[in-house]
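Reminder, nothing fancy here: chain letters follow the sequence lines and each chain counts from 1.
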There are 2 protein chains.
Amino acid sequence: MTGIGKKKATIYDLSILSGASPSTVSAVLNGSWRKRRIKEATAQLIQKLANEHGYTTNLQARGLRSSRSGLVGLLLPVHDNRYFSSMAQSFEAQVRSRGQCPLVVSACRDPEEERQVVETLISYSIDELFIAGATDPDGVHKVCEKAGLKHVNIDLPGTLAPSIISDNYEGARMLTQAIVERALEDGPLSPDDLYLFGGRNDHASHERIRGFRDVKRASLGADPDVCIQPTGYSPAMTARAFEAFYEGHGKLPRAFFVNSSINLEGLMRFLAVHPHETFADIIVGCYDYDPFGSFLPFPVFMIRQDSEAMITKGFAILDADRRPPITHLVRPTIVPPRTALIGPLDALKDIE
Amino acid sequence: MTGIGKKKATIYDLSILSGASPSTVSAVLNGSWRKRRIKEATAQLIQKLANEHGYTTNLQARGLRSSRSGLVGLLLPVHDNRYFSSMAQSFEAQVRSRGQCPLVVSACRDPEEERQVVETLISYSIDELFIAGATDPDGVHKVCEKAGLKHVNIDLPGTLAPSIISDNYEGARMLTQAIVERALEDGPLSPDDLYLFGGRNDHASHERIRGFRDVKRASLGADPDVCIQPTGYSPAMTARAFEAFYEGHGKLPRAFFVNSSINLEGLMRFLAVHPHETFADIIVGCYDYDPFGSFLPFPVFMIRQDSEAMITKGFAILDADRRPPITHLVRPTIVPPRTALIGPLDALKDIE
DNA sequence: AGTTATTGCACCATCGATTGTGCAAAAAAG
DNA sequence: CTTTTTTGCACAATCGATGGTGCAATAACT
């Protein structure tokens, strides 16, 4: 606590105080002192002084010298969503446990912004980058490669870097199967009663739509194109699609698959302006898990993607010597309606 | 695109290429060249070369030299929650628009971790820090002060630094009023029918409890202590409190106030293991807004805190010359049940 | 033409830590 | 009591950018 308000102590200050040279101080404080054959007593003296003066390493200086920063980046489409925010939470925990510092940023699904944001991260000499849900993973890849930055794709695959994604096809099959079965409990289901909303022209959407259509065709016999409504990822556009369907049919489809919790927000917007009867008997599947979404006043089957496993796998890949641009699938799990899963929050100490 | 795989270009490389000195290159690239009376032609030449070689400033070097980093920190309790994740989203947008780089980290409501995390941020020479929902704002303040780091508290106030918080008392009054009125529509409400769950020993909880009790006493005549159940902020503890009440009464309170959406997750856990009749007629108020929470199968009044305004105010304070440790209140708004508000996501370009 | 102002830029120290190298002093070996 | 080895540390270059200072060359004045 010595030195309130004064400038931060540096190795030069400690050098003077201890009588040792700056390089000795540096070695002691970064742990390389045994290798440098510094006497134990010297080390202890310096460490005592460092504590007394609240020394902390200037990481910009270290980073400049070593051209590494201890920062690990995570590029997200958005923060404000339970899937990505829980990914951020897991990411942060794992980065910390590796003694590094997480740097989570979002780029709004805008390819140009994605590249720019990554350029900025590179300017800070980040050591590694997780690219989650990027609209243009390969564009980002090129930026990373030019800077020699190790990176992996999460959630949406690229062709040039290793990717770890949810097994969207299998997940979509499970989810479709679940809502079909549930709908059949209420009576026969015609192909026109089962829709899919949301998603756009990306790998995840394609796979999910493929899984949906395969199961639908197998179980209901037909699979008209009109039942696929890829509205993009915006709640507003999704709401519009529900609105359009409703205008045409006077109701919502009996059962439908929603491509993500962001699209599910679009459904909320629709519900907000329509009476309860409109959706009294709908059955919904949502490819994402949200603890409140699971308790809506109609059955909502959800898919929980294992973002923690994806991050773990991502680090394993980055740690490996060779990093071929292979896509790794992580199996998601299906969550029946009215289920409250425990999440990253439960790791918090809040015993009181 | 010249130089794939090669090291990043520096001002020294451009110095050689252009024939100008490194300092001239530096001045051109950081915009101070007019002030330094560099010829326009020289500047253009250097900028052309910089573009061709994909030059980007090494921000660690700049940061070291100028003892600033361009990083602005936001310390959160957790990411995985709509209130904080939307705060992160607003924060990021505002930081970016100021030409800086956001650094969002969470510290799990652990005072020791809060201080440590901030120490780390300081080691990166961050320029400013927003401390949101800190368990020990004053402890963090001391760490910041020692390092000469400008900072503000958001959401939970400290006594030593300026704070911007939600008007918890007024918000709680509005929310309590709303659920009382709604409950009265279904018949008379006894004081024993109105509970509060969640929160702990912090300023926000105190104010909310105070608002709740004041309105309750005024409108129902009494306000027994047993109706206040501060369970901390964990979903698990909150669920236990609902469970305990249920064991004792065979039902949930007719109406109750939940201190935050994290506590509301505790309610979900309870609901998951109890039949629908258990909560057929409950009326809930939740001090936080969540778009799915608003559509649960019973009326949920919510409070939307204006995190965007808080961040804006935070920057205004940090930009001011004097920063007295005053607490600024930001009025939240009440959100009736079944309401889908638009959020930061709507700023995304997703027209497709 | 001679003097003063202005323009245009180069030089160099600096930020704080890292790391290869060299060299005394102390210890071990002969 | 030498010679060799080991121990313990200091020196100095380096990472890339910044900004104060100084000095030519050119331009603008008497």
Colleague: When you check the side-chain N and O atoms of B:S21 and B:T24, is any donor under 3.5 Å from an acceptor?
Modeller: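 Indeed, the side chains of B:S21 and B:T24 share at least one donor-acceptor pair under 3.5 Å.
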Colleague: Can you tabulate the close N/O pairs, meaning under 3.5 Å, that link protein atoms to atoms of nucleotides 12-16 of chain D?
Modeller:
residue: D:dT14; atom: O2; partner: A:R65; partner atom: NE; Å: 3.3
residue: D:dT14; atom: O2; partner: A:R65; partner atom: NH1; Å: 2.9
residue: D:dC15; atom: O2; partner: A:R65; partner atom: N; Å: 3.3
residue: D:dG16; atom: N2; partner: B:A61; partner atom: O; Å: 3.2

Colleague: Residues two or more places apart in sequence or in another chain: which of them pass ring pair (Phe, Tyr, Trp, His ring centres under 6.0 Å) with A:H151?
Modeller: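 By the ring pair (Phe, Tyr, Trp, His ring centres under 6.0 Å) rule, A:H151 matches A:H141.
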Colleague: Nearest-Å distance, CZ (A:R34) to P (D:dG8)?
Modeller: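 It is 10 Å, rounded to the nearest whole Å.
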Colleague: Please check if any side-chain donor atom of B:E119 sits under 3.5 Å from a side-chain acceptor atom of A:T56, or the reverse.
Modeller: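 No pair is found: no donor N or O on one side chain lies under 3.5 Å from an acceptor on the other.
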Colleague: For every nucleotide of nucleotides 24-29 of chain D, 5' to 3': is a protein heavy atom under 4.0 Å from its base (B), only from its sugar-phosphate (S), or from neither (-)?
Modeller: ------
Colleague: Check the side chains of A:Q94 and A:T312 for a donor-acceptor pair under 3.5 angstrom, ignoring hydrogens and angles.
Modeller: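 Distance-only check passes for A:T312 and A:Q94.
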Colleague: Where is the tightest heavy-atom contact between B:T135 and B:R109, given as atom of each residue plus distance?
Modeller: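 Closest pair (atom of B:T135, atom of B:R109, distance): OG1-O, 3.1 Å.
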Colleague: Please enumerate all residues that pass ring pair (Phe, Tyr, Trp, His ring centres under 6.0 Å) together with A:F315, with sequence neighbours excluded.
Modeller: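 For A:F315 the ring pair (Phe, Tyr, Trp, His ring centres under 6.0 Å) partners, ignoring immediate neighbours, are A:F130.
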Colleague: Would one find a side-chain N or O of A:N30 under 4.0 angstrom from OP1 or OP2 of C:dA17?
Modeller: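 A:N30 to C:dA17 OP1/OP2: no side-chain N or O under 4.0 Å.
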Colleague: Find the distance A:L45:CG to D:dC9:C1' and express it as a whole number of Å.
Modeller: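 The answer, rounded to whole Å, is 14 Å.
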Colleague: Are B:D80 and A:S85 linked by a side-chain donor-acceptor pair shorter than 3.5 Å?
Modeller: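 The criterion, which ignores hydrogens and geometry beyond distance, is satisfied for A:S85 and B:D80.
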Colleague: Give a yes-or-no answer on whether the side chains of B:S123 and B:T120 include a donor-acceptor pair shorter than 3.5 Å.
Modeller: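 No - no donor-acceptor pair under 3.5 Å links their side chains.
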Colleague: In whole angstroms, how far is the C1' atom of C:dA17 from the CG atom of A:L59?
Modeller: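 Result: 10 Å.
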Colleague: Could you check whether A:Y55 and A:D13, counting side-chain N and O atoms only, form a donor-acceptor pair closer than 3.5 Å?
Modeller: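 No, no side-chain donor-acceptor pair sits under 3.5 Å.
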Colleague: Assess whether a salt bridge exists between A:D319 and A:R98, defined as any Lys/Arg side-chain N lying under 4.0 Å from an Asp/Glu carboxylate O.
Modeller: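 Salt bridge present between A:D319 and A:R98.
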Colleague: Tell me which one of A:D138, A:T327, A:N153 satisfies side-chain hydrogen bond (donor to acceptor under 3.5 Å, both in side chains) with A:T159.
Modeller: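 Of all the options given, the one that passes is A:D138.
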Colleague: Using the 3.5 Å cut-off, write out each protein N or O paired with an N or O of nucleotides 7-9 of chain C and the distance between them.
Modeller:
residue: C:dG8; atom: N7; partner: B:R37; partner atom: NE; Å: 3.3
residue: C:dG8; atom: N7; partner: B:R37; partner atom: NH2; Å: 2.9
residue: C:dG8; atom: O6; partner: B:R37; partner atom: NH2; Å: 3.0
residue: C:dC9; atom: OP1; partner: B:T42; partner atom: OG1; Å: 2.6
residue: C:dC9; atom: OP2; partner: B:K39; partner atom: N; Å: 2.5
residue: C:dC9; atom: OP2; partner: B:T42; partner atom: OG1; Å: 3.2

Colleague: Grab the CD1-P distance between B:I46 and D:dA17 for me, whole Å please.
Modeller: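 So the two atoms are 13 Å apart, to the nearest Å.
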Colleague: Just the rounded figure in Å: distance from P of C:dA17 to OH of B:Y124.
Modeller: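 Distance check: B:Y124 OH to C:dA17 P gives 14 Å.
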Colleague: Reading 5' to 3' and counting Watson-Crick or G-U wobble pairs with both distances under 3.5 Å, write the dot-bracket notation for DNA chain D, | for bases paired outside the strand.
Modeller: ||||||||||||||||||||||||||||||
Colleague: Can you check whether B:D136's main-chain N or O pairs, donor with acceptor, with B:E114's side chain at less than 3.5 Å?
Modeller: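 Such a contact is found between B:E114 side chain and B:D136 backbone.
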Colleague: Can you find a side-chain donor-acceptor pair between B:N58 and A:Y124 that sits under 3.5 Å?
Modeller: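 Their side chains do not contain a donor-acceptor pair, so the 3.5 Å distance test is not met.
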